[in-house]
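Data first, discussion second: the structure below is written as structure tokens.
A note on names: the letters A, B, ... follow the listed sequences, proteins ahead of strands, and every chain is numbered from 1.
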2 protein chains.
Amino acid sequence: MMNIGEAARASGVSAKMIRYYEETGLIPPAGRTGSGYRTYGPKEVQVLRFVRRARDLGFPMEKVGDLLALWRDRERASADVKRLAEGQIEALETRIREMMEMKAALEHLVHACAGDARPDCPILDDLGGRVAANHCSTTKN
Amino acid sequence: MMNIGEAARASGVSAKMIRYYEETGLIPPAGRTGSGYRTYGPKEVQVLRFVRRARDLGFPMEKVGDLLALWRDRERASADVKRLAEGQIEALETRIREMMEMKAALEHLVHACAGDARPDCPILDDLGGRVAANHCSTTKN
DNA sequence: ATGGGGGTTCCCATGATGGGAAGGTCAAGG
DNA sequence: CCTTGACCTTCCCATCATGGGAACCCCCAT
């Protein structure tokens with residue numbers, strides 16, 4: 001039996017987060033020593049590592065809860081797990097796409113900017129809503 | 001002169017956010033009518049649109065503040081603006097990379113999961129820290 | 001018994017946004 | 001003139017996941 005600090009080190013989840021997960025019901029309340037210290041055994045540490053890995057894969061806490069429930073349910077269908085994972089892949093794809101659009105727009109602007117000591121700057125012109133003078137207009141035709 | 005609702009519609013920034021930007025000092029305090037309503041002219045709306053576009057490009061509020069300062073400074077060097085934009089591109093790249101790694105890991109797991117009615121699931125096995133039996137182990141040799 | 005390194009709870013902050021309550025204001029129409 | 005509905009004001013709370021820190025208690029080794 002380990003205390004919360006040891007469990008944190010063993011699982012890679014900070015003590016702060018362990019308490020938070022418990023408070024929000026993601027994980028069941030840990031046992032307590034007579035003086036109120038939380039205690040963790042190997043099984044609890046495994047749960048924490050599970051949570052850690054799922055979070056590392058970008059699952060929001062709520063989905064981690066769903067995954068934990070499936071993990072505990074020996075009657076589960078692997079299809080349910082797969083669905084969750086595919087949903088997460090889609091969520092990631094959406095965010096990746098959004099960020100790549102931002103990046104592309106920025107690269108376009110950066111490309112048009114001289115980046116020297118002069119004040120003229122198509123980046124600011126664009127942000128300010130100006131038409132960017134003569135530099136590849138948005139309505140290309 | 002428009003009130004905050006009209007300015008919100010004209011700029012694409014919600015009234016709530018306009019007040020927040022003012023409160024945090026990102027934009028200067030708006031003028032007020034005798035009865036306390038905030039008033040906005042075309043110039044103020046342009047500032048709001050500037051903020052909106054910069055946020056759409058993923059700049060955090062702090063950097064938006066920097067951009068606004070450069071925008072207002074007619075002595076600026078475009079190199080300074082470009083540096084900010086390039087920094088933002090890097091920030092985006094980092095986050096994109098992280099998410100693509102998550103996505104790749106998930107795809108790997110999803111690929112290995114039958115996704116049927118049976119409970120056996122390499123996804124859960126992996127999250128639980130098991131070695132995934134005989135299915136392309138992590139230490140491939 | 002004392003000191004240092006834990007543990008415990010509770011509150012606050014982040015970043016950017018939305019929701020909502022309580023109360024004042026404005027404009028249009030009866 | 002008064003009502004009504006849409007709008008404004010401020011203030012508080014919630015999100016999501018995480019960290020910081022205060023105040024206090026506990027355990028072990030010296």
Using the test side chain to side chain donor-acceptor pair (under 3.5 Å), find all partners of [X] that sit at least two apart in sequence or belong to another chain.
X        : result
Arg9(A)  : none
Arg19(B) : none
Ser14(B) : none
Asp66(B) : none

Nucleotide dC8(D), atom P - distance to CE of Met2(B) in whole Å | 11 Å

Quick one: Asn3(A) CG to dG7(C) P, roughly how many Å, whole number?
->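 The distance from CG of Asn3(A) to P of dG7(C) comes to 5 Å, rounded to the nearest Å.
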
Smallest separation among heavy atoms of Ser78(B) and Asp116(A), with atom names = OG-N, 3.0 Å

What's the shortest heavy-atom distance between Ala30(A) and Thr39(A), and which atoms?
-> CB-O, 3.7 Å

Indicate for each nucleotide in nucleotides 25-30 of chain D, in 5' to 3' sequence, whether protein heavy atoms under 4.0 Å reach the base (B), only the sugar-phosphate (S), or nothing (-).
-> -BS---

Within residues 88-98 of chain B, residues whose heavy atoms come under 4.0 Å of DNA chain C =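 Going residue by residue through residues 88-98 of chain B, none turns out to have a heavy atom under 4.0 Å of DNA chain C.
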
Does any residue of residues 5-24 of chain B have a heavy atom under 4.0 Å from DNA chain C, and if so, which ones, in number order?
-> Ser14(B), Lys16(B), Met17(B), Tyr20(B), Tyr21(B)

What residues, two or more places apart in sequence or in another chain, satisfy salt bridge (Lys or Arg N to Asp or Glu O under 4.0 Å) together with Glu107(A)?
-> Lys103(A)

Contact list for residues 19-53 of chain B, test ring-ring contact (aromatic ring centres under 6.0 Å, His included), sequence neighbours left out | Phe50(B)-Trp71(B)

When you measure from the side-chain N and O atoms of [X] to the phosphate of [N], is any distance below 4.0 Å, counting only OP1 and OP2?
X        : N       : result
Arg32(B) : dG24(C) : no
Arg38(B) : dT9(D)  : yes
Arg55(B) : dG15(C) : no

Of the listed nucleotides dG7(C), dT9(D), dA16(C), the one nearest the side chain of Pro60(B) |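 From the listed options, dA16(C) comes nearest.
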
Interatomic spacing from [atom1] in [X] to [atom2] in [Y] - rounded to 0.5 Å:
X         : Y         : atom1 : atom2 : result
Leu127(B) : Leu68(A)  : CG    : CG    : 9.0 Å
Leu109(A) : His111(A) : CG    : NE2   : 11.0 Å
Arg72(B)  : Leu124(A) : CZ    : CG    : 11.5 Å

Can you give me every donor-acceptor pair (side chain of residues 79-88 of chain A, partner residue at least two apart or in another chain, under 3.5 Å) with its distance?
residue  : atom : partner   : partner atom : Å
Asp80(A) : OD1  : Arg83(A)  : NH2          : 2.4
Lys82(A) : NZ   : Cys113(B) : O            : 2.8
Gln88(A) : NE2  : Leu57(A)  : O            : 3.3
Gln88(A) : NE2  : Gly58(A)  : O            : 3.0

Any pair counted as side-chain hydrogen bond (donor to acceptor under 3.5 Å, both in side chains), so long as it reaches residues 22-34 of chain A, sequence neighbours left out =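 For residues 22-34 of chain A: Glu22(A)-Arg38(A), Thr33(A)-Ser35(A).
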
To 10°, what angle do the rotation axes through the five end pairs on each side of the helix from dA1(C)-dT30(D) to dG30(C)-dC1(D) form?
-> 30°

